[in-house]
Amino acid sequence: MIELTPLSEDSASEAWETYQACAGDVSYYFDIAVERFAASLFEPPQVHPASFHHVAEASVIARETGHPVGWIQAGYLDGVASVPPGERDALIRGVFVEPGRQDVADRLLRHAATALARDPCRKWRAFEHNCGYTFAAGMGRGPQRMTDVVLPLKALGFQSEEDNHVYAGERLEGRPQRDDHADIDIQFLPGGWSEVNGFVRWDQFYFHEHGQTVGYATVVPVSRLTDSPTEETLFMKGIAVSPQCQRRGIGYLIMRTVWDHYRKHGINRILLNTGDQNFVAQKFYRNIGFELTDMITSYDAEKLTMD
């Protein structure tokens with residue numbers, strides 16, 4: 001028999017057990033202490049802060065014979081560009097279940113949907129990547145991405161809205177197409193940028209040529225997010241090259257500069273994501289030695305089927 005109990009800071013250690021059990025199946029998994037894990041559940045996301053309101057009645061841990069077999073966190077989302085002022089969306093922020101426990105996922109999702117449906121909302125969303133609420137890539141390439149969570153979501157009426165490709169690299173390959181970077185100046189701004197109400201200071205690299213910005217990169221060491229000094233991954237939020245300066249190897253120069261800088265500080269892996277329709281970026285990452293490791297899917301529904 002499955003028993004549901006509140007997800008709280010006191011019970012977060014049990015949710016952490018399930019999260020750890022899925023570690024090998026999610027590409028965004030980072031080695032995180034239970035204390036930091038608990039904080040990440042009940043504080044705004046550090047990477048993409050937005051206005052998420054945790055609903056205690058909708059967020060629970062599932063136990064079977066006293067053993068945690070899954071958990072869900074859900075609430076309401078507002079204060080982001082995709083939600084009109086004065087309205088809010090219901091959001092399934094994260095759900096993890098033991099491999100093979102589709103029945104647990106179904107029970108958790110229906111419990112959360114029933115609790116959230118008591119108050120009006122504009123639409124329903126799950127694992128909203130653009131708002132930074134995809135908890136550790138909850139739709140990872142392992143059992144979470146296959147049937148355990150996806151089928152119960154679709155049974156409720158959720159449909160896939162957006163896919164993001166996750167790329168990881170542990171080395172750089174290739175070389176610039178043209179070697180004419182002598183006039184490019186590089187500016188490094190440690191902690192130089194933060195989103196509005198953000199909790200994380202992002203590092204920035206700017207590349208200037210004859211007084212004009214020709215490219216930039218925005219990154220953060222994952223250890224800054226997880227408080228884990230041994231974490232060796234760098235998360236790249238964005239990289240861009242001015243349209244008039246493309247096909248000059250500047251993208252490779254940016255990646256090489258970032259790589260060389262953080263390798264000195266123990267970083268040996270870069271993680272990033274890009275939209276499934278951004279074929280130019282995908283080709284670039286593959287050409288420099290990055291590999292596609294996962295897909296993150298956002299889901300939404302105008303209304304739910306609760307039969």
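Everything quoted here is computed from the prediction, not taken from an experiment. All residue numbers refer to positions in the sequence shown, counting from 1.
The other residues sharing a hydrophobic cluster with Leu189 are Tyr206, Tyr216, where clustering joins ILVMFWY side chains under 4.5 Å apart.
Applying the side-chain hydrogen bond (donor to acceptor under 3.5 Å, both in side chains) rule to Asp106 yields the partners Arg110; only residues at least two apart in sequence or on another chain are considered. For the side-chain hydrogen bond (donor to acceptor under 3.5 Å, both in side chains) test, no residue two or more places apart in sequence or in another chain qualifies with Ser242. Glu173 is linked by a side-chain hydrogen bond (donor to acceptor under 3.5 Å, both in side chains) to Arg171, counting only residues two or more places apart in sequence or in another chain. With sequence neighbours left out, the side-chain contact (heavy atoms from CB on, under 4.5 Å) criterion links Asp10 to Ser8. With sequence neighbours excluded, the residues satisfying side-chain contact (heavy atoms from CB on, under 4.5 Å) with Thr5 are Glu3, Ile61, Arg63. Under the side-chain contact (heavy atoms from CB on, under 4.5 Å) criterion, His165 pairs with Tyr167, Thr274, Asp276, Gln282, Leu292, Met295, not counting sequence neighbours. Asp103 is linked by a side-chain contact (heavy atoms from CB on, under 4.5 Å) to Ile2, Arg101, counting only residues two or more places apart in sequence or in another chain. Take Arg88 and apply the side-chain hydrogen bond (donor to acceptor under 3.5 Å, both in side chains) test, not counting sequence neighbours, and it matches no residue. For the salt bridge (charged side-chain N to carboxylate O under 4.0 Å, His left out) test, residues two or more places apart in sequence or in another chain that qualify with Arg122 are Asp89. Listed by chain and number, the residues in a salt bridge (charged side-chain N to carboxylate O under 4.0 Å, His left out) with Lys123 are Asp300 (sequence neighbours excluded).
Atom SG of Cys121 and atom CG of Leu91 lie 10.5 Å apart (nearest 0.5 Å).
Contact of the Leu109 side chain with the Leu156 side chain is registered, since non-hydrogen atoms from C-beta on lie closer than 4.5 Å. Here the side chains of Trp71 and Val95 are not in contact, with every heavy-atom distance at 4.5 Å or above.
Note that Lys237 lies in the cation-pi zone of Trp202, set by a 6.0 Å cut-off to the ring centre and a 45° limit from the axis.
The main-chain N or O of Arg248 is found under 3.5 Å from a side-chain atom of His181 such that the two form a donor-acceptor pair. In terms of modelled atom types and a separation under 3.5 Å, the side chain of Arg224 and the main chain of Arg201 share a donor-acceptor contact.
Listed by first and then second residue, the salt bridge (Lys or Arg N to Asp or Glu O under 4.0 Å) pairs involving residues 250-264 are Arg256-Asp260 (not counting sequence neighbours).
Using a 4.0 Å cut-off between charged side-chain N and carboxylate O, Glu64 and Arg107 make no salt bridge.
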